[in-house]
2 protein chains.
Amino acid sequence: METLRARKKQRTRDALLRTAVELFTTRGYEETTVDEIAEAVDVSQRTFFRYFAGKEEAALALQELAVLRFVEAVRERPADEAPVQALRQAVLEGWDTLHEVIEAVVPVELYLRMHRVIESTPVLLAAHLRRNEETEDTIARVLAEREGLDVDADPRPRLAVAVFGGVMRVTERQWSTGEDFSVEAMRALTISYLEQVGPALTERWRTR
Amino acid sequence: METLRARKKQRTRDALLRTAVELFTTRGYEETTVDEIAEAVDVSQRTFFRYFAGKEEAALALQELAVLRFVEAVRERPADEAPVQALRQAVLEGWDTLHEVIEAVVPVELYLRMHRVIESTPVLLAAHLRRNEETEDTIARVLAEREGLDVDADPRPRLAVAVFGGVMRVTERQWSTGEDFSVEAMRALTISYLEQVGPALTERWRTR
DNA sequence: TGTCAATTGTCAGCGGCTGTCACTAGCCTC
DNA sequence: GAGGCTAGTGACAGCCGCTGACAATTGACA
């Protein structure tokens, strides 16, 4: 069974994460100090850094959950599916089941608001983009394995994933700055944008 | 004519930038303190921050030069050229004329080595990616204007640029981790990867 | 040459982050 | 269930990036 110690640790971590996100989404990221977070949870500042490698990590921890979910979804896609199609399905699946992953720690609404904070805070956005690249590398490896290729010898997996990732970033950005900040809107945007990529690259824009 | 004051300022900035890059490429970014840079130039630490918004900015200043050049190249492309083709040409042009821009401040070789440092230093890579996104937004606006479109109403410019940017990032990464770290190698890689994007997205990978 | 303005140095201080060490509290064995 | 063991924590000191404020200096220009 679960030891008391482990449960206590989990509670401290959850409390820190919850409090951090709460403060970040209300006061803003830069305007919140680690000391304030620690104090609100009644823990020393040093302890905060024992749970999170840095202030950034606490801000991106929720995102990380969603990303892990997405990677898992890709892994579980049928092997006969075309790579790009698998990515598309996995992303949509990810959005549909967001609450299952997030709700265990914080309300989904807080996750969405935190997303906006990330997008509008330069240093957080930067860290977020870097993690995206790491994720893309992971996904490229998964696809390569599915197709029996060597990621380092054949650039196609990485290329496909990068293209897909590029489209998703545009989608995310459009979504986070738009009015309808709901999961459904994200779903619709994703489908719409993915459909437009092909034409946008090949057809003439002016003769719409 | 140029005032003495202005010349002195320019010299200080150049010295700071040169020294910073030199230290970053030899000792490493994290292992170099701003105090050390300032001391090496015989200037107070405070002065360093009057020339650069932060340590990061000094590390990315050379990159910024190349980026500005690239954006300019896109602007100067003939208006009847297809968007993606314009980007392709501008990138290649940028690489071919790199030395004209960089050599005025530091040897090109230092620029290349600094590139590697950026790619291998998480915090620098993050900042670099964020700047890339800003550049992509700029480029999208340029393309939209060329084609007489509204960037915020029509997603195609941003989509095309994001896709292109994705491919370029894969290219850069491959290049910076490969053996042939020359400008020519970058040229060849760029051409090769851009050619493979279409097939990678549409054709089946296994039946190569 | 003397006045004005731009540039720099000095000092003080905040916030993120880390190493160290002592202390507490859960765990496990006998 | 007493005692030893160790994971987890707090307290403290200190480095580094960065900023505001003010004084000192140095070029510009009448």
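The chains referred to below are lettered A, B, ... by the order of the sequence lines, with proteins before strands, and numbering in each begins at 1. Side chains are part of it too, since the values below use all heavy atoms of this structure and drop only hydrogens, waters and symmetry mates.
Rounded to a whole Å, the NZ atom of A/Lys55 is 16 Å from the P atom of C/dC14. Regarding B/Glu31, its CD atom lies at a distance of 18 Å from the P atom of D/dC15, rounded to whole Å. Atoms CD (B/Glu36) and C1' (D/dG17) sit 13 Å apart, rounded to a whole Å. In this structure, CZ of A/Phe24 is placed 13 Å from C1' of C/dG15, rounded to the nearest angstrom. Across the protein-nucleic acid pair, B/Leu16 atom CG and C/dT8 atom C1' stand 12 Å apart, rounded to whole Å. Rounded to a whole Å, the CG atom of B/Leu124 is 14 Å from the C1' atom of D/dG17. Distance, A/Glu56 CD to C/dG16 P: 12 Å, rounded to whole Å. Whole-Å rounding puts the B/Tyr29 OH to D/dC16 P distance at 14 Å.
Between B/Tyr51 and C/dT7 there is no side-chain polar atom (N or O) within less than 4.0 angstrom of OP1 or OP2. Proximity of B/Thr47 to the phosphate of C/dG9: a side-chain N or O atom is located under 4.0 Å from OP1 or OP2. Not one side-chain nitrogen or oxygen of B/Ser44 sits closer than 4.0 Å to the OP1 or OP2 atom of C/dT8.
Nearest heavy atoms, A/Ala140 versus A/Val151: O-CG1, 3.6 Å.
Side chains of A/Asp180 and A/Ser182: a donor-acceptor N/O pair is present below 3.5 angstrom, by distance only.
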Under 3.5 Å between N/O atoms: give me all the protein pairs with nucleotides 20-22 of chain D, atom names plus distance.
residue: D/dG20; atom: N7; partner: B/Arg46; partner atom: NE; Å: 3.3
residue: D/dG20; atom: N7; partner: B/Arg46; partner atom: NH2; Å: 2.9
residue: D/dG20; atom: O6; partner: B/Arg46; partner atom: NE; Å: 2.9

What are the atom names and distances for every N/O pair under 3.5 Å that joins the protein to nucleotides 1-6 of chain C?
residue: C/dA6; atom: O4'; partner: B/Arg5; partner atom: NH1; Å: 3.1

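Note on A/Arg113 versus A/Glu109: salt bridge recorded, some NZ/NE/NH1/NH2 to OD/OE distance being below 4.0 Å. At a threshold of 4.0 Å, the pair A/Glu93-A/Arg69 does not count as salt-bridged, since none of the basic side-chain nitrogens sits closer than that to a carboxylate oxygen.
One N or O on the side chain of B/Thr33 and one on the backbone of B/Glu36 form a donor-acceptor pair closer than 3.5 Å. No donor-acceptor pair under 3.5 Å is formed between the side chain of B/Ser192 and the backbone N or O of B/Ala188. With hydrogens and angles disregarded, no donor-acceptor distance shorter than 3.5 Å links the side chain of A/Arg77 to the backbone of A/Gln89.
Relative to the side chain of B/Thr12, the nucleotides C/dT8, C/dG16, D/dG27 differ in distance, and C/dT8 lies closest. Nearest nucleotide to the side chain of A/Phe49, out of C/dG26, D/dT19, C/dC17: C/dC17.
The aromatic rings of B/Phe52 and B/Phe48 sit tilted, their planes meeting at an angle between 30° and 60°. Between A/Trp175 and A/Phe181, the ring-plane angle classifies as parallel under the 30° and 60° cut-offs.
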